[in-house]
**Q** 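My structure is below; once you've seen it, I'll send some questions.
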Amino acid sequence: QVELVESGGGLVQAGGSLRLSCAASGRTFSNYAMGWFRQAPGKEREFVAGISKTAGTTSYADSVKGRFTISRDSVRNMVYLQMNILNAEDTAVYYCAANVTARTWIVFTSQGEYDFWGQGTQVTVSS
């Protein structure tokens with residue numbers, strides 16, 4: 001069992017920045033591929049960013065490329081999402097997810113490929 005706890009959400013003005021954090025339990029965090037998803041009101045949950053178990057590969061949704069950066073610290077069992085130049089369309093609940101069977105280079109972009117999920121953290125961008 002893997003527990004994921006997100007933090008760092010909040011209210012920010014358009015153009016501002018936030019950094020989300022996800023703390024993961026488990027001694028084998030370095031073997032997990034990680035991802036961030038988000039769900040806006042009335043919309044389906046969507047992929048935002050993913051990172052491979054070795055951090056050698058990342059992937060981003062087109063809507064966040066150039067603005068968001070995913071990273072991980074396998075010593076602290078943490079994964080981060082740095083979000084810059086935020087706009088109202090980024091308002092959503094953001095979820096951290098883990099795939100525990102990943103190969104070294106793989107980044108997963110589909111919800112069904114993730115095994116464990118956090119409870120989410122709310123990000124609200126005011127215009």
Side-chain angles (χ1 to χ4, degrees):
Q1 188 72 15
V2 176
E3 183 179 12
L4 302 172
V5 179
E6 302 96 336
S7 61
L11 175 64
V12 63
Q13 288 188 334
S17 299
L18 279 176
R19 188 176 83 151
L20 304 183
S21 299
C22 174
S25 66
R27 293 179 295 174
T28 58
F29 173 75
S30 59
N31 290 336
Y32 307 160
M34 302 296 295
W36 286 97
F37 289 74
R38 68 186 181 186
Q39 187 167 19
K43 294 187 176 181
E44 297 287 322
R45 188 156 57 182
E46 63 177 2
F47 171 77
V48 175
I51 189 166
S52 63
K53 58 192 285 187
T54 61
T57 308
T58 57
S59 180
Y60 297 92
D62 288 342
S63 59
V64 307
K65 277 181 184 176
R67 300 188 298 122
F68 290 13
T69 303
I70 187 171
S71 61
R72 66 188 297 159
D73 183 337
S74 291
V75 173
R76 294 180 172 84
N77 284 14
M78 298 289 293
V79 63
Y80 305 100
L81 185 68
Q82 177 66 44
M83 306 186 296
N84 298 326
I85 317 174
L86 286 160
N87 58 61
E89 288 69 42
D90 296 316
T91 295
V93 177
Y94 283 71
Y95 298 91
C96 175
N99 176 297
V100 301
T101 62
R103 294 181 180 176
T104 305
W105 62 89
I106 292 179
V107 176
F108 299 97
T109 61
S110 172
Q111 295 183 59
E113 295 172 309
Y114 285 88
D115 306 301
F116 298 97
W117 293 82
Q119 293 299 306
T121 184
Q122 175 71 48
V123 172
T124 303
V125 184
S126 62
S127 56

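Along the sequence shown, residues carry numbers from 1.
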**Q** I need the I106 CD1 to S52 OG distance, nearest 0.5 Å.
**A** 9.5 Å
**Q** Hey, does V79 have a side-chain heavy atom less than 4.5 Å from the side chain of C96?
**A** yes
**Q** Might you work through the side-chain contact (heavy atoms from CB on, under 4.5 Å) test for I51 and T57, ending with a clear yes or no?
**A** CA-CA 6 Å; I51 189 166; T57 308; over 6 Å; no
**Q** When you look at CD of Q119, are more than 12 heavy atoms from neighbouring residues, nucleotides or ligands closer to it than 6.0 Å?
**A** no
**Q** Taking only residues at least two apart or on different chains, which pairs with a member in residues 1-24 satisfy ring pair (Phe, Tyr, Trp, His ring centres under 6.0 Å)?
**A** none
**Q** If you apply the rule side-chain contact (heavy atoms from CB on, under 4.5 Å), what do you find for W105 with T54, and how did you get there?
**A** CA-CA 7 Å; W105 62 89; T54 61; over 6 Å; no
**Q** So, do S17 and Q82 sit near enough that their side-chain heavy atoms are less than 4.5 Å apart?
**A** yes
**Q** Under 4.5 Å between side-chain heavy atoms, hopping through other hydrophobics if needed: is there a path connecting V48 to L18?
**A** yes
**Q** Judged by atom type as modelled, is there a donor-acceptor pair below 3.5 Å linking the side chain of T91 to the main-chain atoms of V125?
**A** yes
**Q** Sequence neighbours left out, what passes side chain to side chain donor-acceptor pair (under 3.5 Å) with K43? Give chain and number order.
**A** none
**Q** Could you tell me the separation between the CG atom of N99 and the OG atom of S110, rounded to the nearest 0.5 Å?
**A** 10.5 Å
**Q** When you compare the side chain of T121 with that of L20, does any pair of heavy atoms fall below 4.5 Å?
**A** yes
**Q** Would you say L11 and S126 make side-chain contact, with heavy atoms under 4.5 Å?
**A** yes
**Q** Could you state the interatomic distance from CZ (R45) to CD (Q111), rounded to the nearest 0.5 Å?
**A** 4.5 Å
**Q** So, do Y94 and L81 sit near enough that their side-chain heavy atoms are less than 4.5 Å apart?
**A** yes
**Q** Within a reach of under 6.0 Å around CD of E3, are more than 12 heavy atoms found that belong to other residues, nucleotides or ligands?
**A** no
**Q** Could you tell me whether the side chain of M34 reaches within less than 4.5 Å of the side chain of R72, counting heavy atoms only?
**A** yes
**Q** For the side chain of D115 and the backbone of V100, is there at least one donor-acceptor N/O pair under 3.5 Å apart?
**A** yes
**Q** Atom CD1 of I70 and atom CE of M83: how far apart are they, to the nearest 0.5 Å?
**A** 12.0 Å
**Q** Nearest heavy-atom pair of A92 and A40: which atoms, and what distance?
**A** CB-N, 3.8 Å
**Q** Scan residues 4-43 for pairs that pass ring pair (Phe, Tyr, Trp, His ring centres under 6.0 Å), counting only residues two or more places apart or in two chains.
**A** F29-Y32, F37-F47, F37-Y114, F37-W117
**Q** Is it true that the NZ or CZ of R38 lies under 6.0 Å from the centre of Y95's six-membered ring and within 45 degrees of the ring axis?
**A** no
**Q** When rounded to the nearest 0.5 angstrom, what is the spacing between OG1 in T69 and CZ in R67?
**A** 11.0 Å
**Q** To the nearest 0.5 Å, tell me how far K53 NZ sits from S74 OG.
**A** 10.5 Å
